[in-house]
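Proteins get letters first, then strands, A, B, ... in listed order; numbering begins at 1 in each. All values below come from the heavy atoms of this structure, side chains included, with hydrogens, waters and symmetry mates left out.
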Amino acid sequence: MVAAVPQMTASTLWERARGWRWPGVAMRTIAAILGGYALGALASVVCATLLPLERAEAVMTGMLLSFAVYAGAVVWVFAARTALRAWVGLLIPMAVLAAAAWMTWP
Amino acid sequence: MKNGFRQSMAWLHTWSGLLVGWILFAVFLTGTASYFKGEISQWMRPELHASAAGPEAAAELAVNALRQIAPRSNTWSVGLPQERDPIIRVFWRSPEARRFQNAILDPVSGERVDSRQTRGGDFFYRFHFELHMQPIWGRWVVGFCAMMMLVAIISGVITHRRIFADFFTFRPGKAPQRSWLDAHNAMAVLALPYHLMITYTGLITLMLMYMPWGIDAAYNGNRQAFFAEAVGSPPPPRAAGRPGELVAIGPLVAEAARQWGEQGVARLTVHNPTDANSVVQISRGDAGRLSMNPQTIVFNGTTGERTSETGGDGAAAATRGVTYGLHLGRFAGPVMRALFFLSGLAGTGMVATGLILWAAKHRQKRAATAKPGFGQRLVDTLNVATIAGLPIAMAGFFWANRLLPLDIAARPDWEIRVFFGLWVASLLHALIRPLRRAWIEQFAFAAFLGLAIPLLNALTTQRHLGVSLPQGDWAMAGMDLGLAGMGALMGAIAWKLARRPETVPVKRKARDAAMPAAAKSA
C-alpha cells in the first residue's frame, strides 16, 4: 500500500511537537489531569445527589460513569483548537455541575 | 490543537502511551499471569495436594484452629478450599491491632501448612494493582496509569482511520517502524473490545477509592451505610459483653452448600466468636457466577438460626458487580480463561510494540551518524529492562521457589528479592551492553529460564511431568508446559533478532530512494 497522502506518523508529530510552545502543552496537561479529575468527581457527585434513583444506586451510577467523563475531558483538552478553548470547555461544565452539587449538598 | 483533530489525537496517543508504557507493560503481564493465580500457587506449594473433603469439614478444622490461634479475636475469617486454590486461609485480628494476620492451613489436617512458605500467585496478583508499593500509593499509581491507558485507547481508535483495512495488514519485511506499527495495530485491534473492557473495568474495581465523592455527598461521609445499602451486607454487630458459646459450624456450612453447591461456599466470617452476640456470615464463591457482589447468608452465632441474606441488586450495583467480575474473570471455564489469557498477552504485546515502535521511529529520524540522545537511550534501556527484564524476573521467581532452602526465615520475602534482584540486573545489563546484544542476550536468558522449568521441577520435586501428566494433574502439568511454552516464545524472538542483520538508521529520503532495492532483498 503506497501512501499517496502523507500519513500522520509519529515522526512528523515529533517535528510538530518541537514546534509547539512547551508551556502550552504543560498547561493543557495540568488542565487535563487535574481538571478532568475534577469534572469526573463533580459528575459523580451530581449523579449521586440528583438522579431519581435509590440513594445507593445513584451513587454507584455516578462512580461508574465518572471515568468516561474524565476520559472525555482529557480528549477535549487536547483536541481544542486553542488553550483558551480547552480551559473554557472544562470550566463551564465544572461551574454548572458545581452549582448543581452545591445546591443539593445536604 | 491547531493541527486538526486526528493529529492531536495521534500526539495524545503517543504521549499517554509512552510516559507510562513501562508500568502498563508490568501491569498487563502480571495481570495476565493472574488469570492462573490458583495454578501458580499450587505449583509453588508442591507439597500440598488437593483434598476431596467438603467445605463442612474444612470449616470445622479452620474454626478449631482459630480457637487455638486467636481465642480473643473479635473477628475470624476463613477462606474455604476452592477447586483452583485448594487450601484453607484463616485470618484473625487481635483486639489491639488494626490489621489482620493470616495463616494457611492444610485442607486435610487443619495444621499450619507444612509446605514451603511462599506468596505464590498472590505476589503477581497484588503486584498487578499495587506494584509492591504501600497499597494506597501503589493503587493510585496504577489507577493513574489506567486512566492514561484509557485515554491511549480512545485516542488510538480516533487516530486509526482505516481501522478495519489495516487490521488485515501485516508487513514483516518492511522498514522496522512499518512492521512494528503493523504489529502494534494488529494486537490492539485484534482484541480491542477486551482492551477497552479490561481497562475500564480495572478502574471500576477500585472506584470506591478513586471516586468516593458521591458517597460523601449522598451519605454525609457514612461509607458503612453506603456499603450496607449498596450490596446489602449488614454491618457487624457490637459485642454484648456477655460470654456466649459458638454453635457448631459444620451444619451452617452444609445449609449454605445445599443452596449454592459444595463448590459454591467460599468464605466464612465469625464476628464476636466468644460473645453472646456472635454472628456467622457465609459467603458464596466467585466461580460459576458473573457478578462479584457478595452473596451472604447470615446466621445467629449462638442459636444457629438464619437471620438474613443479601438480596437482589439494583441495576447500578449489578453493573458494578458484573463489570468487576468481568475484570477478574473468575467465572470463566477453561476455554474462556484461555481466551482471556491470550487477549491479555495481546494487550501486553500491544504495549510492548508501542514502546518499541516509538524507539524505532525516533532512531530512524536521527541522522545515521548522530549519537543517540538522552531520550532515545532512556527509552531503549527501559524497553529492554522491562520487556525482556520482567519476564526474566517472573521466571526467576519460579526458580527461586524451587531452589531456595525450605527453612530459611522470611522465605516468601527472599523469593520476592530474587524477583527484584533479577529485574535490577536486567536493567544494569541493558545499560552496559550494546542495544541489540542486550535484547538478544536477555531474551535468550528468559528462554532458558522458561524452557528449563520442567527439568527444574523434575529435579526438585516429585510432581514433575512424568507424574502429573498421567495423573491428569493439570495445575502442575499446565504450569510446566505453559512456562516452557513461554520460554520457547522468548527463544523464538531471540533467534529472530539474532538472524536479522544489523540495521543502521538511514535518513528518510535515502531510504525512500532505496526502497525498491530494499524491498527485493527484504
#### Entry: Heavy-atom contacts under 4.5 Å, residues 57-66 of chain A to chain B
A/E57, A/V59, A/M60, A/T61, A/M63, A/L64, A/L65, A/S66
### Message
Looking at every heavy atom in both B/A217 and A/V45, which two are closest together, and how far apart are they?
### Response
CB-CG1, 3.8 Å
### Summary
Cut-off 4.5 Å, heavy atoms of chain B, and the answer for A/A32 is neither
### Task
Of all the heavy-atom pairs spanning B/L150 and A/A71, show the shortest one and how long it is.
CD2-CB, 3.8 Å
### Task
Look at atom CD of B/Q376 and say whether more than 12 heavy atoms of other residues, nucleotides or ligands are closer to it than 6.0 Å.
yes
#### Entry: B/F144 vs A/I33 side-chain heavy atoms within contact, under 4.5 Å
yes
### Region of B/M147 that comes under 4.5 Å of a non-hydrogen atom in chain A
side chain
### Task
Kindly say whether B/Y219 contributes a backbone atom to a donor-acceptor pair with the side chain of A/R55 at under 3.5 angstrom?
no
### Query
With a 4.5 Å limit on heavy-atom distance, are the side chains of B/M211 and A/F67 in contact?
yes
### Query
Taking all atoms of both residues into account, what is the closest heavy-atom pair of B/S8 and A/A79, and its distance?
OG-CA, 3.9 Å
### Query
So what's closer than 4.5 Å to chain A heavy atoms on B/I215: side chain, backbone, both or neither?
both
### Query
Under a 4.5 Å heavy-atom cut-off, does chain A meet the side chain of B/I204, its backbone, both or neither?
both
### Query
Which atoms form the tightest heavy-atom contact between B/W213 and A/A41, and what is the distance?
CD1-CB, 3.5 Å
#### Entry: Contact class of B/A318 relative to chain A, heavy atoms under 4.5 angstrom
neither
